[in-house]
Amino acid sequence: MPQLSDTIPFFARPPPQQALEEGARLDGRGFEEFRTVFLNTGAISQATGSAYAEFSKTKVMAAVYGPRPSDRKTSFSEEGRLQCDVKFATFATRQRSKSFAQSPDEREVSENVQAALQSAVQRHSFPKSNVDVYCVVLESGGSDVAVAITAASLALADAGIEMYDLVSACSVSRVKGQLLLDPTSEESYHEDGTVLMAMMPTANLVTQLVMAGEWSDSQSKEAMELCMGGCAQIDSVARQCLRQAAGAATSVS
């Protein structure tokens with residue numbers, strides 16, 4: 001866990017006493033509804049490719065560098081290496097870390113992002129080379145890992161890295177027996193079960209699945225189906241973003 005400042009509490013204000021009020025979400029969304037989504041590419045001009053993803057209060061910037069030659073000490077491989085690194089900005093959460101080193105939580109998020117993207121990237125197209133993906137969570141508002149995966153996938157596509165398919169991701173929280181798509185941090189605070197899914201929607205392949213909590217067979221199936229439908233929705237928005245970027249580049253040239 002990150003080191004905490006003695007002067008700044010974990011919650012700047014008391015957490016909500018409940019995530020649902022009279023059977024409805026506090027932000028007015030339906031149970032199977034995403035927050036407002038904004039995706040954009042080309043946010044960092046110095047990077048090979050980049051993307052910005054905003055899901056209401058969750059904001060993530062992703063940058064891709066490479067392919068770059070691997071270190072000489074690295075043994076030759078016909079497949080290149082994909083390296084993902086995720087950091088939370090010091091102002092992203094109510095926690096304040098005193099260390100610039102990557103925290104255990106950040107390492108876990110990085111591993112999840114890399115696992116979600118690894119099988120989607122055609123690593124044979126850049127042998128003995130590295131592609132580095134850096135994500136910064138600018139604001140943590142819930143479903144941070146899913147948003148980071150989506151932003152990183154979009155940045156890879158913007159960089160022209162060959163992929164089998166785009167990867168989109170979403171989370172589902174279970175609160176008082178109700179499944180909530182794209183949970184906020186307040187909703188996640190009250191969850192007793194969670195599912196994170198990343199997939200290649202066109203190929204219909206799941207690249208990452210993480211479940212926590214106790215789930216019955218029927219409810220786990222319902223949660224995964226909800227995630228798959230959510231990934232398909234995000235994929236549609238991501239492809240629209242790439243089409244708009246391509247159209248803008250064509251008009252400029």
Please check: side-chain N/O of [X] versus main-chain N/O of [Y], any donor-acceptor pairing under 3.5 Å?
{"X": "Ser171", "Y": "Ser143", "answer": "no"}
{"X": "Ser119", "Y": "Thr207", "answer": "no"}
{"X": "Glu54", "Y": "Lys59", "answer": "no"}
{"X": "Arg25", "Y": "Leu20", "answer": "no"}
{"X": "Ser125", "Y": "Gln122", "answer": "yes"}
{"X": "Glu111", "Y": "Glu108", "answer": "no"}
{"X": "Asp165", "Y": "Thr202", "answer": "yes"}
{"X": "Ser110", "Y": "Asp85", "answer": "no"}
{"X": "Asp158", "Y": "Thr41", "answer": "no"}

*asked:* Given Arg68, which partner from the list Thr48, Val131, Asp132 fulfils the side-chain contact (heavy atoms from CB on, under 4.5 Å) test?
replied: Asp132

*Let me know which of Asn112, Asp144, Val136, Val113 forms a side-chain contact (heavy atoms from CB on, under 4.5 Å) with Val86.*
Val113

Is there a side-chain contact between [X] and [Y] (heavy atoms, below 4.5 Å)?
{"X": "Leu138", "Y": "Val60", "result": "no"}
{"X": "Phe38", "Y": "Val237", "result": "no"}
{"X": "Met224", "Y": "Leu209", "result": "yes"}
{"X": "Gln208", "Y": "Leu117", "result": "no"}
{"X": "Ser129", "Y": "Arg81", "result": "no"}

_Evaluate Val137 against Glu106 for side-chain contact (heavy atoms from CB on, under 4.5 Å), listing each step before the verdict._
CA-CA 10 Å; Val137 180; Glu106 289 170 330; over 6 Å; no

_I'd like to know whether Val175 forms a side-chain contact (heavy atoms from CB on, under 4.5 Å) with Phe31, so could you lay out the CA-CA distance, the side-chain angles of the two residues, the decisive distance to 0.1 Å, and finally the verdict._
CA-CA 11 Å; Val175 179; Phe31 296 137; over 6 Å; no

Shared ILVMFWY cluster between [X] and [Y], side chains joined below 4.5 angstrom?
{"X": "Leu226", "Y": "Val145", "result": "yes"}
{"X": "Val64", "Y": "Tyr134", "result": "no"}
{"X": "Met228", "Y": "Leu196", "result": "yes"}

[Y]/[X] salt bridge by N-O under 4.0 Å criterion:
{"X": "Asp182", "Y": "Arg29", "value": "yes"}
{"X": "Asp27", "Y": "Arg35", "value": "no"}
{"X": "Glu139", "Y": "Lys57", "value": "no"}
{"X": "Lys221", "Y": "Asp217", "value": "no"}

Let me have the donor-acceptor pairs involving side chains of residues 146-155, under 3.5 Å, with sequence neighbours excluded, atom names and distances please.
from: Thr150; atom 1: OG1; to: Ala146; atom 2: O; distance (Å): 3.1
from: Thr150; atom 1: OG1; to: Ala169; atom 2: N; distance (Å): 3.4
from: Ser153; atom 1: OG; to: Val167; atom 2: N; distance (Å): 2.9
from: Ser153; atom 1: OG; to: Val167; atom 2: O; distance (Å): 3.2

What is the minimum heavy-atom distance between [X] and [Y], and which atoms define it?
{"X": "Trp215", "Y": "Thr194", "value": "CZ2-N, 3.5 Å"}
{"X": "Ala47", "Y": "Tyr65", "value": "CA-CE2, 3.5 Å"}
{"X": "Ala120", "Y": "Met200", "value": "CB-SD, 3.6 Å"}
{"X": "Thr58", "Y": "Gly142", "value": "OG1-O, 2.7 Å"}
{"X": "Cys231", "Y": "Met199", "value": "CB-CG, 3.5 Å"}
{"X": "Leu242", "Y": "Ala157", "value": "CD1-CB, 3.9 Å"}

*More than 12 non-hydrogen atoms from neighbouring residues, nucleotides or ligands closer than 6.0 Å to CD on Gln178, yes or no?*
yes

How long is the span from the [atom1] atom in [X] to the [atom2] atom in [Y], to the nearest 0.5 Å?
{"X": "Leu166", "Y": "Arg239", "atom1": "CG", "atom2": "CZ", "answer": "4.5 Å"}
{"X": "Tyr52", "Y": "Cys241", "atom1": "OH", "atom2": "SG", "answer": "12.5 Å"}
{"X": "Leu156", "Y": "Ile161", "atom1": "CG", "atom2": "CD1", "answer": "6.5 Å"}
{"X": "Arg123", "Y": "Glu79", "atom1": "CZ", "atom2": "CD", "answer": "4.5 Å"}
{"X": "Thr184", "Y": "Glu187", "atom1": "OG1", "atom2": "CD", "answer": "3.5 Å"}
{"X": "Ile234", "Y": "Cys227", "atom1": "CD1", "atom2": "SG", "answer": "11.5 Å"}

*Yes or no on side-chain contact (heavy atoms from CB on, under 4.5 Å) for Val195 and Val210, after CA distance, side-chain angles and deciding distance?*
CA-CA 6 Å; Val195 179; Val210 179; over 6 Å; no

*How would you list all residue pairs meeting salt bridge (Lys or Arg N to Asp or Glu O under 4.0 Å) that involve residues 191-205, not counting sequence neighbours?*
Arg174-Asp192

*Report the relative orientation of the aromatic rings in Tyr164 and His124; use parallel for angles under 30°, tilted for 30 to 60°, perpendicular for over 60°.*
tilted

_Candidate pair Ile44 and Met61, rule side-chain contact (heavy atoms from CB on, under 4.5 Å), full reasoning_ = CA-CA 9 Å; Ile44 303 175; Met61 185 76 75; 3.8 Å; yes

